[in-house]
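We use all heavy atoms of the structure for the numbers below, so side chains are in, but hydrogens, waters and symmetry mates are not.
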Amino acid sequence: MVIRPANQGSSIGVAILEDSKNMDAFEKSINRAFFKEKITADYWNGLSEEEKVSYLRNLTDIRDGLGFPLNVKGETIYHPEALLSFLNNHFKKTVIPLY
């Protein structure tokens with residue numbers, strides 16, 4: 001199954017599902033097509049600083065991730081360092097996942 005956004009270029013946001021019965025992969029692919037990423041406090045807080053930077057590098061790379069600017073909880077973020085700071089502060093105060 002191929003999932004792709006309706007309003008993007010030929011490959012941005014495209015996912016190919018090899019196992020259409022894998023609901024986790026399906027949900028991740030749909031979220032990617034809508035440029036959404038779910039991050040939980042447990043996941044974020046379990047990463048080392050180096051892993052957080054690597055995660056954000058991949059997340060904000062338009063070829064495989066979401067790119068910039070990002071809308072996070074109603075705030076528009078334009079820079080990786082601002083995103084890192086926002087996530088660290090957000091998950092220090094709450095355990096609510098980001099959508």
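Rounding to the nearest 0.5 Å places CG of L83 at 9.5 Å from CD of E75. Here the CD1-CG distance, from I77 to N71, works out to 8.5 Å after rounding to the nearest 0.5 Å. L70 CG to K36 NZ: the interatomic distance, rounded to the nearest 0.5 Å, is 13.5 Å. Distance check, rounded to the nearest 0.5 Å: OG1 of T40 to CG of N45 gives 8.5 Å. Expressed to the nearest 0.5 Å, how far CD1 of I30 lies from CD1 of I3 amounts to 4.0 Å.
Not one N or O on the side chain of S54 forms a donor-acceptor pair closer than 3.5 Å with the backbone of E50. A donor-acceptor pair is defined here as one N or O able to donate and one able to accept, closer than 3.5 Å; no such pair exists between the side chain of S85 and the backbone of E81.
Taking the six-membered ring where the residue is Trp, Y55 and W44 present perpendicular rings, their angle passing 60° and hence far from 30°.
Under the ring-ring contact (aromatic ring centres under 6.0 Å, His included) criterion, F68 pairs with no residue at all, not counting sequence neighbours. With sequence neighbours excluded, no residue forms a side-chain hydrogen bond (donor to acceptor under 3.5 Å, both in side chains) with N58. Checked against side-chain contact (heavy atoms from CB on, under 4.5 Å), K28 has no partners two or more places apart in sequence or in another chain.
Between F26 and K21 the shortest side-chain heavy-atom distance does not fall below 4.5 Å. For the pair L56/P80, no side-chain contact is recorded, criterion being any heavy-atom separation below 4.5 Å from C-beta on.
M1 and M23 fall within the same hydrophobic cluster, defined by Ile, Leu, Val, Met, Phe, Trp and Tyr side-chain heavy atoms under 4.5 Å apart, directly or through other members.
Nearest heavy-atom pair across P69 and T76 is CB-CG2, 3.7 Å. Between F91 and I39, the shortest heavy-atom contact is CZ-O, 3.3 Å.
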- Message: One pair to check against side chain to side chain contact (heavy atoms under 4.5 Å, CB included): N88 and K52. What are the steps and the verdict?
- Response: CA-CA 9 Å; N88 282 332; K52 289 176 181 179; 3.0 Å; yes
